[in-house]
Amino acid sequence: MLPTIAWRGRSVVMIDQRKLPGQETYVRCRTYIQVAQAIEKMVVRGAPAIGIAAAYGLVLGAMALSAETGRSLDRDFEKVYKRLERTRPTARNLFWALERMKATYERTRPHGLRAIRTALLEEAKAIEREDAETNRAIGRHGQALLRDGWTVLTHCNAGALATAEYGTALGVIRAAVAEGKTIRVYAGETRPFLQGARLTVWELDRDGIPVVLITDSMAGWFMRRGEVDVVVVGADRIARNGDTANKIGTYSLAVLAKENGVPFYVAAPTSTIDLSLADGGGIPIEERGPDEVREVGGRLITLPYVEVRNPAFDVTPAAYITAIVTERGVHRPPFEKSLGVPHK
Ligand code: MRU
């Protein structure tokens, strides 16, 4: 199984996703600041994976705390919490994981720092373990939507690398293949960070699942020609009405899918759902630095001073989504009703 992220003897080890597929190297984080920087620099990325990383980051932060009790302990914990919270704004899973960790801190606080540290590590491991189980459940529900012989278009990387293991959108594909279905994947390259070209292609190839790389601008043409049977993507944050934030370019795919009569599925754990938001209008969209767009693979492809826009995510209105697959099952519109009350 692909080791996306692992707790190893008072440190967090992550596969360096910036270097794939060229190099398989690992980054070891010994402090919460190193974890925060790894999330910001995309050593680790993908909504559930950054939630798991942040949870372990909080464990590392708690290990370095010195105040045993009282207000100074709370203040120091809050400092660690705030640093990890500031890393990336869009994925709900990051905040969901941190909130779970904070609840654990508050519950064990009366028992002192040793008990807090033990409980936090157990909670982070539980978040990781549950994510693996959740993805298998998403796969079981979602695979029933895919027919033998289909070509699936996916975007970005919603695979093992973006989660504890197995993946969400790629989990659905893996489960369909495990059921004996012949599935071919069209992976959109996903400019500017190229998660599709670099990570999805690498993951599927390792599993022996046939994958064809296309540039993002080719998707509509292949849909029009009837070469795509279904689109399956992951999600970073889902509002109560089903509006879904995911990697930039997802919205375009959804509009093209509707225009061409291609079903469009979102696969995500319920920890991605943000019940505090009535619709997608309130989802914070991360804007990343201009060089990601000015350069490809570290090489300048335009004028070095050209103005750039680089939103990392977009919001697909619920009206374009055929169904949302979570660990609870396949949710169809109206999503406000079918998503129900998710998770603790
Ligand atoms: O910027 P990234 O690579 O963190 O964006 C990742 C995505 O948009 C994924 O599709 C999403 O997080 C789901 S991962 C299971």
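Remember, it's 1-based here, ligands and their atoms both numbered in the order they're listed.
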For [Y], is there an ion pair with [X] - N to carboxylate O distance below 4.0 angstrom?
X      : Y      : result
Asp74  : Arg109 : yes
Arg86  : Glu40  : no
Glu179 : Lys181 : no
Lys82  : Glu78  : yes
Arg92  : Glu99  : yes

Main-chain N/O of Ile248 paired with Thr250 side-chain donor or acceptor, under 3.5 Å: no

Report every pair formed by an N or O atom of ligand 1 and a protein N or O atom separated by less than 3.5 Å, giving atom names and the distance to 0.1 Å.
unit_1, atom_1, unit_2, atom_2, d
ligand 1, 1 (O), Arg88, NH1, 3.4
ligand 1, 1 (O), Arg88, NH2, 2.8
ligand 1, 1 (O), Lys247, NZ, 2.7
ligand 1, 3 (O), Arg45, NE, 2.8
ligand 1, 3 (O), Arg45, NH2, 3.2
ligand 1, 3 (O), Gln195, NE2, 2.8
ligand 1, 4 (O), Gly46, N, 2.9
ligand 1, 4 (O), Arg88, NH1, 2.8
ligand 1, 8 (O), Asp236, OD1, 2.8
ligand 1, 8 (O), Asn246, OD1, 3.2
ligand 1, 8 (O), Lys247, N, 3.2
ligand 1, 10 (O), Asn246, OD1, 2.6
ligand 1, 12 (O), Ala47, N, 2.9
ligand 1, 12 (O), Asp236, OD1, 3.2
ligand 1, 12 (O), Asp236, OD2, 2.9

